[in-house]
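In what follows, residues are counted from 1 in the order of the sequence shown. Hydrogens, waters and symmetry mates are skipped; everything else that's a heavy atom, side chains included, is used.
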Amino acid sequence: YATIVYCNLIKQTYKDVPIIIGGIESSLRRLAHYDYWSDKVKHSILIDSGADLLLYGMGEKSVVEVADALDSGMDVSDITYVKGTVYKAKDTDSLYDYIELPDYDEVSSDKISYAKSFKIQHENTDAFTAKTLVEKYKNKCFVVQNPPAEPLTTMEMDDVYALPYMRNYHPMYEKQGGIPALSEIKFSITSNRGCFGGCSFCALTFHQGRIVQTRSHESIINEAVCMTKDKDFKGYIHDVGGPTANFRHPACQKQLTKGVCTGKQCLFPSPCKNLTVDHQDYIQLLRKLRALPKVKKVFIRSGIRFDYVLADKSDAFLKELCQYHVSGQLKVAPEHVSDRVLKYMGKPENAVYKRFTQRYKAMNEKLGLKQYLVPYLMSSHPGSQLTDAVEMAEHLRDLGYMPEQVQDFYPTPSTISTCMYYTGIDPRTGESVYIPKDPHEKAMQRALIQYRDPKLYDLVKEALIKCGRQDLIGFGKECLIAPRNIKQGRNTNTQYAKKHNDSSNTRQHRSDSKGRYSAGKRRK
């Protein structure tokens, strides 16, 4: 809500000064959208903020074009032609080849209309194929979304990252000791943007797009050399990646001419036959960075798309990843184990993740290394029922692993998952989807993933009974929890309780029997 508040305050003070908004908050709220905090469909942020123009996406091209137009003396109301912008209009007389979405009153009162509108928006996020979208509001006002700006070329990306950034927090924060979050990214390098992974809960499709854009090796190395001259640099580059670290080129060549396929994903439910699978460019880049003076280690902490690694016929990247770029733990995102839930997430089947864990383990054994996987898991995603959470708990039991942190699904604007959450409909198929909205059920789903935590015992027990899985309450090796003595108010098997509750307050928990998994904190 910050943009809305600030814009209205500015308008009160500077009535005739045009306001142009952008960034992630505006980008994902450029048309009518479901807002979780108010639990209703809100207007385009352009309406509520009173701003004159909205720039969506990363915005480098559009912000320069708009600035040039203003500099030439144009009025902001006449800047209606720039790609990657959204503006208000009194009519549609000057438009052509556009799609009129269901109007605001319709999408805010009818969930089927909302799902249909979202589907159209989702199919028009590609710069090469998207049409102009129009959304009508009361008082004969139309919000017009121009097609997205074209992806940056490698040269343009290099130009953006060659600008003289300060690479530090503003001096105004000096008295409070700086900004702690800077330490997480100060020695990390962005090598790409965009993602063709297409996870349902991710807003990248609406913001950076599905076409991967990359910087040249020279640009990245120049930044790394700059880092080595920093007084705080200790020899470690913390990350070289982006939304997905191991994407260094578009999914296929036709994306750069014909655009992204409509209604089809590159990796889901299985890799497309046209997908270009090649890690060689990334391997060469990492080798160059490792060879730089003063660089001791180059880590990869951005997400690794494990199904893309499996699709590579060569083990070269996996070998170098394990040998040089893992700090003992590799973070990957299977998100769930239930194939039904994974389908709604847009993620590969659990069998794919299992194959990756086997190859990762085999490679580490071949290299004589003891390194672990940190799987990111999500509870209460649309489509997830209590029985799916129980399946997840059983899977974790078999791995000997309990995550310290679990991401509980919460809706954010402009994602397929959020559309499902609000409407109960999968916009891609029109099918009904089960939505775990009840806070108590969400608490049970989350508790099942952390079933060894003694504080969650009652929730876990209630969930197991509700699912008819009392067989998982007992002293057998397949059981999740032990029965509790009601009179004494404690577990009857204290040794069992002590053995299974020791991980709740530890930073890591590694399985002696499996030797593959370790808990770790998930970056929010």
Side-chain angles (χ1 to χ4, degrees), residues 151-158 161 188-198 208-225 237-257 260 265-268 270-292 295 297-327 330-333 348 352 355-364 366-367 369 371 373:
L152 297 187
T153 64
T154 295
M155 183 178 294
E156 288 169 335
M157 283 276 282
D158 288 354
Y161 284 89
S188 295
I189 300 175
T190 298
S191 64
N192 63 60
R193 70 168 54 158
C195 181
F196 53 79
Q208 292 189 351
R210 287 174 58 188
I211 297 177
V212 172
Q213 302 141 69
T214 57
R215 296 167 61 188
S216 69
H217 289 197
E218 182 181 11
S219 170
I220 294 169
I221 290 169
N222 286 342
E223 183 176 355
V225 170
I237 295 177
H238 296 159
D239 189 24
V240 182
T244 300
N246 55 327
F247 288 173
R248 279 286 298 169
H249 47 71
C252 64
Q253 286 304 308
K254 73 175 185 177
Q255 282 191 341
L256 295 176
T257 54
V260 174
Q265 291 182 229
C266 305
L267 283 166
F268 177 81
S270 59
C272 173
K273 63 180 181 180
N274 297 319
L275 180 66
T276 302
V277 183
D278 188 357
H279 286 93
Q280 280 304 310
D281 181 72
Y282 194 35
I283 291 172
Q284 295 304 318
L285 170 62
L286 293 170
R287 286 175 178 173
K288 291 176 183 178
L289 290 169
R290 293 201 310 264
L292 289 176
V295 173
K297 189 88 172 179
V298 179
F299 296 115
I300 299 175
R301 291 180 177 174
S302 298
I304 293 288
R305 188 76 189 213
F306 58 84
D307 48 348
Y308 188 72
V309 174
L310 288 179
D312 193 340
K313 295 179 181 178
S314 169
D315 268 346
F317 172 68
L318 183 60
K319 179 177 182 295
E320 296 230 350
L321 173 69
C322 295
Q323 191 167 5
Y324 299 111
H325 304 290
V326 178
S327 58
L330 177 66
K331 298 171 183 175
V332 287
V352 177
R355 288 202 301 272
F356 176 75
T357 62
Q358 292 165 0
R359 281 183 60 178
Y360 180 77
K361 181 185 178 184
M363 181 59 71
N364 278 292
K366 182 179 179 180
L367 296 171
L369 298 171
Q371 298 186 130
L373 287 176

Which class fits the ring pair F247 and Y308: parallel under 30°, tilted 30 to 60°, perpendicular over 60°?
-> perpendicular
What heavy-atom pair brings [X] and [Y] nearest, and what distance separates the two atoms?
| X | Y | value |
| --- | --- | --- |
| D239 | R301 | OD1-N, 2.9 Å |
| Q208 | G194 | OE1-N, 2.7 Å |
| L367 | C322 | CD1-CB, 3.8 Å |
| D307 | P348 | OD2-CG, 3.6 Å |
| V260 | Q255 | CG2-NE2, 3.8 Å |
| R359 | S314 | NH2-O, 4.2 Å |

Any sub-3.5 Å donor-acceptor pair from [X]'s side-chain atoms to [Y]'s backbone N or O?
| X | Y | result |
| --- | --- | --- |
| D158 | S216 | yes |
| R215 | T190 | yes |
| K331 | S302 | no |
| Q265 | G198 | yes |
| H249 | D281 | no |
| Q213 | P151 | no |
| R290 | H325 | no |

Let me confirm one number: the [atom1]-[atom2] distance from [X] to [Y], rounded to the nearest 0.5 Å.
| X | Y | atom1 | atom2 | answer |
| --- | --- | --- | --- | --- |
| L152 | I211 | CG | CD1 | 11.5 Å |
| K361 | Q358 | NZ | CD | 9.0 Å |
| K366 | N364 | NZ | CG | 12.0 Å |
| L318 | M363 | CG | CE | 4.5 Å |
| M157 | S191 | CE | OG | 8.0 Å |
| R355 | F306 | CZ | CZ | 10.0 Å |

May I ask you to check whether over 12 heavy atoms, not counting those of Q253, lie within 6.0 Å of atom CD?
-> no
Does K254 NZ have over 12 foreign heavy atoms under 6.0 Å away?
-> no
Go through E320 and Q323 one step at a time and tell me if the side-chain contact (heavy atoms from CB on, under 4.5 Å) criterion holds.
-> CA-CA 5 Å; E320 296 230 350; Q323 191 167 5; 5.7 Å; no
Check against side-chain contact (heavy atoms from CB on, under 4.5 Å), R210 and C266 = CA-CA 9 Å; R210 287 174 58 188; C266 305; 3.8 Å; yes
Decide yes or no on side-chain contact (heavy atoms from CB on, under 4.5 Å) for F356 and L373, but give the supporting numbers first.
-> CA-CA 10 Å; F356 176 75; L373 287 176; 4.0 Å; yes
Could you check Y360 against I304 for side-chain contact (heavy atoms from CB on, under 4.5 Å), going step by step and ending with a plain yes or no?
-> CA-CA 12 Å; Y360 180 77; I304 293 288; over 6 Å; no
Sub-4.5 Å side-chain heavy-atom contact between [X] and [Y]:
| X | Y | answer |
| --- | --- | --- |
| Y324 | V298 | no |
| H279 | V309 | yes |
| I221 | L289 | yes |

